[in-house]
Amino acid sequence: MIRLNITLPDDLVKQLRQEKNKSRFIADALREKINRENREKTEYLMKEGYSAASREDKKLTAEWEKASLEEWE
């Protein structure tokens with residue numbers, strides 16, 4: 001464990017006073033925030049990957065369609 005000295009807005013401090021274990025509360029809040037941001041980043045990257053793969057699939061399908069139709073002409 002590492003001890004930190006941080007500065008918080010007055011309104012948050014007032015709400016934090018209600019918590020018995022302030023350190024645990026803050027650690028849990030930070031974990032939750034970091035996990036949410038990591039999930040959002042992963043979802044974004046997955047969407048980008050699927051989008052790129054979809055574009056590539058459409059391009060390959062179009063190329064194969066041309067090659068398939070050449071024999072019929």
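As the structure is a prediction and not an experimental result, all values here were calculated from the model.
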**OP:** Might you confirm whether atom CZ of Arg24 has over 12 heavy atoms from other residues, nucleotides or ligands at distances under 6.0 Å?
**Re:** no
Original post:
Using 4.0 Å as the upper bound for N to carboxylate O, is an ion pair formed by Lys47 and Glu43?
Top reply: no
**OP:** Check whether any side-chain heavy atom of Tyr50 lies under 4.5 Å from a side-chain heavy atom of Met46, and answer yes or no.
**Re:** yes
Subject >> Short N-O contact, Asp11 and Lys14, less than 4.0 angstrom >> reply: no
Original post:
If you round to the nearest 0.5 Å, how far is CZ of Arg36 from CG of Asn38?
Top reply: 11.0 Å
Original post:
How far does CD1 of Ile26 sit from CG of Leu8, to the nearest 0.5 angstrom?
Top reply: 6.0 Å
Subject >> Verify same cluster id: Ile34, Met1 (apolar side-chain graph, 4.5 Å) >> reply: no
Subject >> Connected via hydrophobic side-chain network under 4.5 Å: Ile6 and Ile2 >> reply: yes
**OP:** Compare every heavy atom of Arg17 with every heavy atom of Lys22, then report the nearest pair and how far apart it is.
**Re:** NZ-O, 3.7 Å
Original post:
Taking Thr61 for the side chain and Asp57 for the main chain, is one N or O donor matched with an acceptor at less than 3.5 Å?
Top reply: yes
Original post:
Once you round to the nearest 0.5 Å, how far does CD of Gln15 lie from CZ of Phe25?
Top reply: 8.0 Å
Original post:
How long is the gap from CG on Asn35 to OG1 on Thr42, to the nearest 0.5 Å?
Top reply: 10.5 Å
**OP:** Taking the side chain as every heavy atom from C-beta outward, state whether Leu16 and Glu19 have any atom pair closer than 4.5 Å.
**Re:** yes
